[in-house]
Engineer: 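Have a look at this one.
Protein chains get the first letters and strands the later ones, always in sequence-line order, with residue 1 at the start of each. Hydrogens, waters and symmetry mates play no part in the numbers below; they use all other heavy atoms, side chains included.
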2 protein chains.
Amino acid sequence: MLDQIKYYRNFEAGQTVIWAGDKMDFVGSVVSGIATLTQTMEDGRTQMVGLLLPSDFVGRPGRRTAAYDVVATTDVVMCCFRKQPFEDMMNRTPHIAQRLLEMTLDELDAAREWMLVLGRKTAREKIASLLSIIARRDAALNMGGKEGPMVFDLPLTREAMADYLGLTLETVSRQISALKKDGVIVLEGKRHVTVPDFNRLLDEAGDDSDGGLLA
Amino acid sequence: MLDQIKYYRNFEAGQTVIWAGDKMDFVGSVVSGIATLTQTMEDGRTQMVGLLLPSDFVGRPGRRTAAYDVVATTDVVMCCFRKQPFEDMMNRTPHIAQRLLEMTLDELDAAREWMLVLGRKTAREKIASLLSIIARRDAALNMGGKEGPMVFDLPLTREAMADYLGLTLETVSRQISALKKDGVIVLEGKRHVTVPDFNRLLDEAGDDSDGGLLA
DNA sequence: CGAAATCCTTGATTCAGATCAACACGCCAA
DNA sequence: TTGGCGTGTTGATCTGAATCAAGGATTTCG
């Protein structure tokens, strides 16, 4: 049913999808690429409040304006629905509202997990936490839980990582270097990461190593 | 309809409502009193991830276990529904799922707002942010937006505030003293707060003074 | 090709908030 | 009444991350 009202939009790396406060007349989900949700204070301090990976949902049924800036970090393809038809559909199809509730609850858990990271973890733990999340998401996306080292590319610049973690880009760079020196990760170039021992990484993140629900 | 399956539960100040990871066979909402949602790391570092004030919802349809510790800070009365009947009701009544989605989206916004506080604000701004939220909630609850100074009691100990703000209790104490010295707030005893100029407080919080959506 | 822009790294110094420590106040129970 | 306990304040010192500063490596573009 949804197929009949969907359409696709493409965004280039660096392009802003929506500005906070703008009217937003569609909802959608990320098909490919990576986008970020950010808040900015008047003086320029910036905090990323969400990372949108493929399959993540964007937009709020029942809200007329965007609450945050949405920026494409890489080239992004989004599958969109005009808001009005989507909401009509939602009213007629309870299942959709329930699915959406499910997804929103997941997002809420992820946000709260992140509050612990921002409020209580050290810089090194923050970096390790971010790397675990990306590694996990990447592994889930690319294939079943094959054993052995995890390999992935960082989808974010050092500055974007800093904005996610509540750090400066210099501290991010230093801590990544430190994790590399200590053998927790292996770097090829600036973005290509190998994690020889995922449990070691989780340990550095300060997470319960038996697998939390970082989502 | 919901009235027919509801029941009440009382909790004393300090009592734990649910432990993270425990099976949770009810959902509910706070009727009176204040409870907190907290996460703890193995080494004891604690982060509050939510503040439950009267009317706030607790629990997750579709989840079997609690994700966080829920602790009553004051005496609390909760209105509860057993989970199974509640979920049945939800399936039969689309309106409930939509209302719940609405509330969850609000919580998500609040959590993201808090990520900015935790990640980017100074200690003083953090305290001011917390005070504004409490002041606003309190004003909304007690009466229409009467002009003039806002007056309320802090429902949290210094330590609980520290856990919410990602600070130590000493820093909380110092910053409250500083705000008091600077006339941003007036303190009687340790808990009774008067805010002579709410815009001044918002300014100290670093928020857009024309009223953001702190929830 | 060289110039400019991005993105990243590393070093030196500073500083906000943590940590360590002492003490004040109110309250309750022995 | 005294001692213990929970709560809060304040001072002295320490430290992790911010800030300031200088380049290096790639890519882009004129």
Engineer: D:dA18 C1' sits how many Å from A:K126 NZ, rounded?
Structural biologist: 12 Å
Engineer: Within 45° of the axis and under 6.0 Å from the centre of the six-membered ring of A:F26, does NZ or CZ of A:R9 qualify?
Structural biologist: yes
Engineer: From CD1 of A:I127 over to P of C:dT9, roughly how many Å is that when rounded to an integer?
Structural biologist: 10 Å
Engineer: Using a cut-off of under 3.5 Å, enumerate the N/O to N/O pairs linking the protein to nucleotides 6-12 of chain D.
Structural biologist:
unit_1 : atom_1 : unit_2 : atom_2 : d
D:dG8  : OP1    : B:R191 : NE     : 2.8
D:dG8  : OP1    : B:R191 : NH2    : 3.4
D:dG8  : OP2    : B:R158 : N      : 2.9
D:dT9  : OP1    : B:R158 : NH2    : 3.2
D:dT9  : OP2    : B:R158 : NE     : 2.7
D:dT9  : OP2    : B:S173 : OG     : 2.8
D:dT9  : O5'    : B:S173 : OG     : 3.2
D:dT10 : OP2    : B:S177 : OG     : 2.8
D:dG11 : N7     : B:R174 : NH1    : 2.9
D:dG11 : O6     : B:R174 : NH2    : 3.0
D:dA12 : N6     : B:R174 : NH2    : 3.3

Engineer: Separation of A:D43 atom CG from D:dA18 atom C1', in whole Å?
Structural biologist: 15 Å
Engineer: Rounded to whole angstrom units, what separation is found between the CG atom of A:L167 and the C1' atom of D:dT19?
Structural biologist: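 Taking atom C1' of D:dT19 as the reference, CG of A:L167 is at 14 Å.
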Engineer: A:Q175 CD to D:dT15 P: how many Å, rounded?
Structural biologist: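 Rounded to whole Å, this separation is 17 Å.
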Engineer: Stepwise, does the salt bridge (Lys or Arg N to Asp or Glu O under 4.0 Å) test hold for B:D163 with B:R45?
Structural biologist: CA-CA 9 Å; B:D163 284 342; B:R45 278 177 284 175; over 6 Å; no
Engineer: Looking at B:E159, I'd like to know if its CD atom is crowded, meaning that more than 12 non-hydrogen atoms belonging to other residues, nucleotides or ligands lie closer than 6.0 Å.
Structural biologist: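 Check fails, neighbour count at 12 or below.
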Engineer: Please list, pair by pair, any protein nitrogen or oxygen found under 3.5 Å from a nitrogen or oxygen in nucleotides 13-16 of chain C.
Structural biologist:
none

Engineer: Any donor-acceptor pair under 3.5 Å linking the side-chain atoms of B:T168 with those of B:T171?
Structural biologist: yes
Engineer: Mind calculating the distance between NZ (A:K180) and P (C:dC8) to the nearest angstrom?
Structural biologist: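 Distance, rounded to whole Å: 13 Å.
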Engineer: Taking all heavy atoms of A:K190 and all of A:R158, pick out the closest pair and write down the distance.
Structural biologist: O-NH2, 2.8 Å
Engineer: Salt bridge check, A:D182 against A:R200: does any charged N sit closer than 4.0 Å to a carboxylate O?
Structural biologist: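 Not counted as a salt bridge, because no side-chain N and carboxylate O are separated by less than 4.0 Å.
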Engineer: Rounded to the nearest angstrom, tell me the gap between atom CD in A:E188 and atom C1' in D:dA25.
Structural biologist: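 Distance check: A:E188 CD to D:dA25 C1' gives 17 Å.
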Engineer: Hey, does the Lys NZ or Arg CZ of B:R137 hover above the aromatic six-ring of B:F152, less than 6.0 Å from the centre and inside 45° of the axis?
Structural biologist: no
Engineer: Is it true that A:K121 and A:D207 make a salt bridge, defined as a side-chain N closer than 4.0 Å to a carboxylate O?
Structural biologist: yes
